[in-house]
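Notes for the one structure printed next.
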Amino acid sequence: MNPIALISRKESGELLMSGRGLAWLLALSVIMSVLSLLLVSNTELSLLDNAQVVYMVMGTVTALGALLAVVLGSDTVAGERERGSLMPLMLAPVTPSQIVFGKMGGQVAGWAVMYLLSLPYVWAVGSSGQNLAQAVIYLALFGTPVVLGFGFLGIALSARLRSVRSALLTSLITLMLLASPLLLGPSLRQSGIGKLFDAFNPFSAAVNTFDSVVIDSQPLAMQFTRLGVTLVWLALTTVFAIRNVRKMEI
C-alpha cells in the first residue's frame, strides 16, 4: 500500500476510533449544541437576522476546525519524537512529503467529520432563512483550505521547534491572531491597517466570504480573490511543512 495511505489510515484510526477521538467529537457536539440553543433561546440573540446567525455558526465551525488542526499538527513530529517513535518513521522508506501528507490524512478525516456534524446545527439555526444551501457549500469551499492550512502550519512548527508544547503555543498564538476578525466583526476593521490585514489574512477571507454570500447574497464571481487568498495560504503552509520535515533532525 502507498505510504501516504498507510500513515493516513493510522492517523485517522487514532483520531476517530480511540477514546481521544470520542472525546473531541463529544466536545464538539456540546459546543455546537450550546451555541445553537443560545442563538435560538436567548431573547436578544434570537432577534438577530437569520442569515446573521448562520454566518456566526459558520465562523465558529471554521475556528473549531482550525483549533483541532493546530492541536493535531503540533503533535505530529514533536509528539513522535517525545514518544520515541520518530526514529522508526525516519528509517522507513518514505519521503518527507509522504510523511507530511500521510500525517495530514488524519486531519482531513477529522475536519470532514467535524463538517458533517456541524451541518445539522447550521440547518437548525438557518432552516427558515435565506442562502442555507450556499452556507453549506461555502463552508466546505472556504473553510477547508483555511483549516488544513493551520494543520500544515502545526506540522511545520512541530518539526522545527522539536517540542509539542512550543509548537502548540506558537500555533495557537498564530490562530488567535489570524482569527481575530471573527471576534472584532467587519465594522471594527475599517481602518487602513484593518483593511490591509483583511486583504492577506486567510481567515478574514473566509469570514468575509461567509458574510458576503449568506448575508448579502453575493455570487461566487465576487469571491474569487478571497478564494485565491485561502488557496495561497494552503499552498504556502504545505511547502513550509515539507521543508521543515525535510530538514528536521532526530
Side-chain angles (χ1 to χ4, degrees), residues 2-16 24 62-83 85-115 140-179 200-206 227-250:
N2 185 281
I4 295 178
L6 285 172
I7 299 174
S8 296
R9 186 171 66 178
K10 173 181 175 295
E11 295 292 323
S12 301
E14 291 180 353
L15 179 64
L16 300 177
W24 74 263
T62 304
L64 290 173
L67 177 61
L68 176 66
V70 298
V71 171
L72 295 177
S74 299
D75 182 68
T76 51
V77 177
E80 296 278 5
R81 179 182 286 110
E82 293 178 1
R83 290 188 293 269
S85 55
L86 182 60
M87 178 70 76
L89 179 62
M90 296 299 296
L91 294 177
V94 293
T95 65
S97 60
Q98 289 174 331
I99 294 176
V100 170
F101 289 116
K103 291 289 187 179
M104 280 300 298
Q107 299 192 38
V108 171
W111 166 242
V113 172
M114 180 177 287
Y115 170 77
L141 184 61
F142 283 80
T144 299
V146 172
V147 169
L148 297 187
F150 279 105
F152 281 117
L153 177 65
I155 293 175
L157 294 176
S158 181
R160 176 177 287 269
L161 300 179
R162 302 170 60 88
S163 165
V164 175
R165 181 179 299 178
S166 299
L168 181 58
L169 180 60
T170 306
S171 299
L172 288 176
I173 292 174
T174 304
L175 173 59
M176 291 176 62
L177 175 64
L178 296 184
F200 297 99
N201 182 1
F203 208 102
S204 292
L227 180 60
V229 172
T230 63
L231 294 178
V232 168
W233 157 257
L234 179 60
L236 291 177
T237 52
T238 302
V239 173
F240 187 45
I242 294 174
R243 285 190 173 185
N244 279 278
V245 171
R246 182 178 293 122
K247 295 178 180 179
M248 71 179 178
E249 300 178 355
I250 302 298

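For this chain, numbers begin at 1 and follow the sequence in order.
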Give, for atom [atom1] of [X] and atom [atom2] of [Y], the distance between the pair rounded to the nearest 0.5 Å.
{"X": "Phe101", "Y": "Thr238", "atom1": "CZ", "atom2": "OG1", "value": "5.5 Å"}
{"X": "Leu168", "Y": "Leu157", "atom1": "CG", "atom2": "CG", "value": "10.0 Å"}
{"X": "Asn201", "Y": "Leu177", "atom1": "CG", "atom2": "CG", "value": "7.5 Å"}
{"X": "Ser158", "Y": "Leu153", "atom1": "OG", "atom2": "CG", "value": "11.0 Å"}
{"X": "Ile242", "Y": "Gln98", "atom1": "CD1", "atom2": "CD", "value": "10.5 Å"}
{"X": "Ser74", "Y": "Leu172", "atom1": "OG", "atom2": "CG", "value": "6.5 Å"}

Who pairs with [X] by side-chain hydrogen bond (donor to acceptor under 3.5 Å, both in side chains), at least two apart in sequence or on another chain?
{"X": "Thr144", "result": "Trp111"}
{"X": "Trp233", "result": "none"}
{"X": "Ser97", "result": "Thr95"}

Residues in side chain to side chain contact (heavy atoms under 4.5 Å, CB included) with Val239, at least two apart? Arg243
Of all residues at least two apart in sequence or in a different chain, which pass the side chain to side chain contact (heavy atoms under 4.5 Å, CB included) check with Leu227? Leu141, Phe142, Thr230, Leu231
Listing request: all salt bridge (charged side-chain N to carboxylate O under 4.0 Å, His left out) pairs with a residue in residues 99-115, at least two apart in sequence or in separate chains. Glu11-Lys103, Glu80-Lys103
[X] to [Y] - nearest heavy-atom pair and separation:
{"X": "Val164", "Y": "Asp75", "answer": "CG2-OD1, 4.0 Å"}
{"X": "Pro145", "Y": "Ala140", "answer": "CD-O, 4.3 Å"}
{"X": "Ile99", "Y": "Ile7", "answer": "CA-CD1, 4.2 Å"}
{"X": "Ser171", "Y": "Gly154", "answer": "OG-CA, 3.8 Å"}
{"X": "Thr237", "Y": "Phe152", "answer": "O-CB, 3.4 Å"}
{"X": "Ala78", "Y": "Ser163", "answer": "CB-C, 3.5 Å"}

Side-chain donor or acceptor of Thr76 paired with backbone N/O of Gly73 under 3.5 Å: yes
Quick one: does Thr62's side chain have a donor or acceptor within less than 3.5 Å of a partner on Gly143's backbone? no
Within the structure provided, determine whether Tyr115 and Val147 are in side-chain contact (heavy-atom separation under 4.5 Å). no
